[in-house]
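Contents: one structure, followed by commentary.
Lettering follows sequence order; numbering is per chain, from 1. Note that the structure is predicted; figures quoted are calculated from it, not measured.
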Amino acid sequence: MPSRLTPTTSASDAAPSFPPMPDFAARLIAWQRQHGRHDLPWQNTRDPYRIWLSEIMLQQTQVSTVIPYYTKFLARFPDVAALAAAPSDHVMALWAGLGYYTRARNLHRCAQVVVEQHGGTFPASVEELAELPGIGRSTAAAIASFGFGARATILDGNVKRVLARVFGVVGFPGEKKVENAMWMLAESLLPSNASNAELSAYTQGLMDLGATLCVRGKPDCTRCPFAPDCVANLTGRQRELPTARPKKAVPTRRTWMLVLRDGNAVMLERRPPSGIWGGLWSLPEAADEASLAERARAFGSDGAVSPLASFSHVFTHFKLNIEPRLAELDRGVGALAALNDAHTAWVALSDLDSFGVPAPVRKLLDSLHGSLI
DNA sequence: CAAGCGTGGTC
DNA sequence: TGACCAAGCTT
């Protein structure tokens, strides 16, 4: 029998077991009610639509980043029917800047499935929720817990960090084996005889503990209800748990972007539905200087292309060096409008809000707009 | 299964 | 200032 301070799971353990933790749920619920968060914009409602919308936006995204987007979406699309009926381009335009654009597409599809196959009402079970586009196991549990008081566990970044520290779970949580062990542990910690309200508070408590006390950098163990039992706290290993992601070199790519300008308008191209910035509107690109000049001529420019300040943008898995080039046309607004189709759009620099434009491209165009005034 | 998928916060 | 990663899901 290992000491309760001994890590009891690792990548090589076939059947991990964990130290006992009496009253984990009761202590967490009590802590959440006294010290947790109760005034986030998506709290104090049982409307599954609002809960779902917030949970999708919060995937891999911090609360402070989500709040303005959540407010915008709720104002424009007050219910699931309004969202389902909206054109895809409107949804993408409103999502622009938030990242992970597959979420926006799945959000829209999910709204349509709820309307067409569930009569406009979100299903109440975790199993049915998890079948909907963009809703995985953890998000389904969050929606079911907050919306219906269901007994289901989440397992997000907060919970992984809390569990790794409190129970001394060793191994990168992104690894399947470690994640599976954490799902088992999280399930085992759910309270057995709790009310709907208590189950909601329990789920919120998991998130709140990880987001406000058991943070990555400097966890505030003095205020933690699990400090007397926490493996990381008792052994001074808060910094080592959870186990960090294995380091990997980030490759660099380079692209040339064409700012084709006619007066106050620029030309945008719709990107392919999958891949980086899928489905968004961006600038025409080429793999080198000469190819870009060729594209400019094909669009009717005289071939005079001038350089703008280059910059780089870092994604999760690669770094992109962007070489913007400026070319000018003088056709006038009326002639430009006739060129627009499903893949091409001439857009006034003052009207970019109507299009889903990637954040770094938006910044480039905004700076250009500013310099033209 | 691991890889692909954005952006901004934080230190 | 670059490293690290956040209320993960899909392929």
Touch class at under 4.0 angstrom, heavy-atom based, for A:Val314 against every strand present: base
Closest non-hydrogen atom pair between A:Cys221 and A:Asn233, with its separation: CB-OD1, 3.6 Å
Protein proximity profile, nucleotides 6-11 of chain C - base contact B, sugar-phosphate-only contact S, no contact -, cut-off 4.0 Å on heavy atoms: BBBSS-
Heavy-atom closest contact (A:Ala327 atom, A:Ala296 atom, distance): CB-CB, 4.3 Å
A:Asp23 (side chain) donor-acceptor with A:Ala26 (main chain) under 3.5 angstrom: no
Carboxylate-amine/guanidinium proximity below 4.0 Å for A:Asp353 and A:Lys72: no
Ring centre gap for A:Trp95 and A:Phe73 strictly below 6.0 Å: yes
Considering all heavy atoms, the nearest A:Ala130-A:Gly136 contact: CB-O, 4.2 Å
Sugar-phosphate only, base, or nothing, as touched by A:Gly275 at under 4.0 Å among non-hydrogen atoms: sugar-phosphate
Option passing side-chain hydrogen bond (donor to acceptor under 3.5 Å, both in side chains) with A:Gln204 (candidates A:Gln43, A:Gln32, A:His38): A:Gln43
Sub-6.0 Å ring centroid separation between A:Trp277 and A:Phe315: yes
DNA chain B: 5'-proximal contact among A:Gly174 and A:Tyr101 (nearest heavy atom): A:Gly174
Parallel, tilted or perpendicular, as decided by the 30° and 60° cut-offs, for the rings of A:Phe122 and A:Tyr49: tilted
First and last nucleotide of DNA chain B, 5' to 3', lying under 4.0 Å from heavy atoms of chain A: B:dC1 to B:dG9
Sugar-phosphate only, base, or nothing, as touched by A:Lys248 at under 4.0 Å among non-hydrogen atoms: sugar-phosphate
Side chain A:Arg253, main chain A:Asn321, donor-acceptor under 3.5 Å: no
Separation between the P atoms of B:dG6 and C:dG2, rounded to whole Å: 23 Å
P gap between C:dA7 and B:dA2, integer Å: 23 Å
Parallel, tilted or perpendicular: rings of A:Phe24 and A:Phe167 (30°, 60°): tilted
DNA chain C-proximal residues of residues 351-362 of chain A, any heavy atom under 4.0 Å: none
